[in-house]
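In what follows, every chain begins at residue 1, and chains take the letters A, B, ... in the order their sequences are listed.
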Protein chains: 2
Amino acid sequence: MKIEKLSFADRATDLLRAEIVQGRLAPGTRLTEIDLATQLGTGRGTVRAALAALEAEDLIVKQPYTGWAVRDISQKTLWETYTLRCALEGLAARLVAGALTTEIRDALHAAFQRLEQAEASGDGGERVAADLGFHRTLVNLAGHDSLSRQYFALSNKFEWLYRWSENHWPSRIDLASWHRPIVDAVLSGDPDAAERAIREHGESSLADDLRDFAELRRQSA
Amino acid sequence: MKIEKLSFADRATDLLRAEIVQGRLAPGTRLTEIDLATQLGTGRGTVRAALAALEAEDLIVKQPYTGWAVRDISQKTLWETYTLRCALEGLAARLVAGALTTEIRDALHAAFQRLEQAEASGDGGERVAADLGFHRTLVNLAGHDSLSRQYFALSNKFEWLYRWSENHWPSRIDLASWHRPIVDAVLSGDPDAAERAIREHGESSLADDLRDFAELRRQSA
DNA sequence: TCGTTGGCGATTGTCGACAACCGCTAATCG
DNA sequence: CGATTAGCGGTTGTCGACAATCGCCAACGA
């Protein structure tokens, strides 16, 4: 049995990322190395490494000699993250559709069933988790390590925005019917159709969120 | 006048990246923090930050408690990098074609003219630089910060592979005619056509390189 | 009054020392 | 003889101390 032993720095990274992604650290929050170090019971160098990693994932920003802060969320942030995700998932869908195996079909079905169950349960947290899990599963099935790496960071950022927007305008889209076209297109084995399906999916979710974001702005103005 | 003052860590990152990308550090080369620190005349923490950054860019790999090493290059590395680049540039081409301005036309023309001049000069280094510059210009014209960020790291990796392959099998493709379809398609203002053009470009360069790579393997076997 | 300058508190940037860990070799023990 | 283990050299992992820099505010002078 191979046990993966994470360093303090890696654990600090995971912990801080979770804090941000799950919304416990609001956008704009300032982070100071010493505070985090004392809170985590670790040294400053360790925290520093974790912060640098999160900066590479574009979740926080650094101002030299001044401090770190959780990134702000703007309409452009939404647009950029959604379009980028669309491009990466398009590649993934294309690859998966072009190299179907029994394992892939099973994994996709499992991810989709989780969606259905989450929808049936009505549990908001599980709905989000199942949604994100479906997309992550699809990407990881592509057998493209670099893509999976890139997508890991991007999906965290996406999860952050997703949970943030769910707090501001809970949506009641039916997850199953929302994702079925993707599953169908990918399993059809047609790369073009698969890419088209995931793009339509991405574009309409972007449109929805931008609309809701604008609505939010208008109300608070 | 705003002067951008880089920290030692950032300069070390740039320096090490250049060493790798330009082929002065062969794939598989081991890197030890203390050696680098003494060579660069800096402390180990600084080098460590630089190495972590390069690991995030996927140019080097870390083995805990053991050491760092320049990544190896395999056929899969080529495939992954080319396909990923294709996906990102596809998004960029689509965006640029959909939002043409005079500045964009000028910048694209300038980048293309540099290609023509590089081809005419016959200078190998300048040919590579002009080729990479053209693609970077296109992506940065998309006005998509996250995309530019991601592409920055990817284009460095690509440059690394490009220069590496040029050392093993110098190609004599005509850069101007090779890239003209992209310029034409983007400037036509049709996002679909632009994406199609850059995809064909990427796919055929991948095919060429994979063929040459296989040839190289066959000869050395 | 307004712009400049000097100092101050806060935070990061850098560094070297020590601890933890890995891979290997050789000694040990059944 | 084979498997286990103890030790060793080498490298990274972690930490706290000190230096460099930034933003701010108040004192100062034209």
Check step by step if side chain to side chain donor-acceptor pair (under 3.5 Å) holds for Glu203(B) and Tyr82(B). CA-CA 8 Å; Glu203(B) 279 162 16; Tyr82(B) 277 71; over 6 Å; no
### Message
Do Val70(A) and Leu59(A) make a side-chain contact, defined as non-hydrogen atoms from C-beta onward lying under 4.5 Å apart?
### Response
no
Taken in chain and number order and not counting sequence neighbours, the residues that satisfy salt bridge (charged side-chain N to carboxylate O under 4.0 Å, His left out) with Asp10(B) are none
For Ala9(B), answer base if it contacts any base atom (sugar-phosphate contacts may also be present), sugar-phosphate if it contacts only those atoms, and nothing otherwise; contact means non-hydrogen atoms under 4.0 Å. sugar-phosphate
Heavy atoms only, 4.0 Å cut-off, all strands: where does Leu51(B) land among base, sugar-phosphate and nothing? nothing
The single option from Arg217(B), Arg211(B), Arg218(B) that satisfies salt bridge (charged side-chain N to carboxylate O under 4.0 Å, His left out) with Glu215(B) is Arg218(B)
Ala194(A) and Ala93(A) have their tightest heavy-atom pair at CB-O, 3.6 Å
Contact list (N/O, under 3.5 angstrom) for nucleotides 20-23 of chain D vs protein:
| residue | atom | partner | partner atom | Å |
| --- | --- | --- | --- | --- |
| dT21(D) | OP1 | Lys5(B) | NZ | 3.1 |

Bounded by its outermost nucleotides with an atom under 4.0 Å from a heavy atom of chain A, the footprint on DNA chain C reads dT11(C) to dC21(C)
Assign each of Thr42(A) and Thr32(B) the nucleotide of DNA chain D bearing its closest heavy atom; nearer the 5' end lies the nucleotide of Thr32(B)
Holding to side-chain hydrogen bond (donor to acceptor under 3.5 Å, both in side chains), I want the full list of residues that pass it with [X], two or more places apart in sequence or in another chain.
X	answer
Arg172(B)	Glu119(B)
Gln22(B)	Arg24(B)
Glu126(A)	Arg114(A)

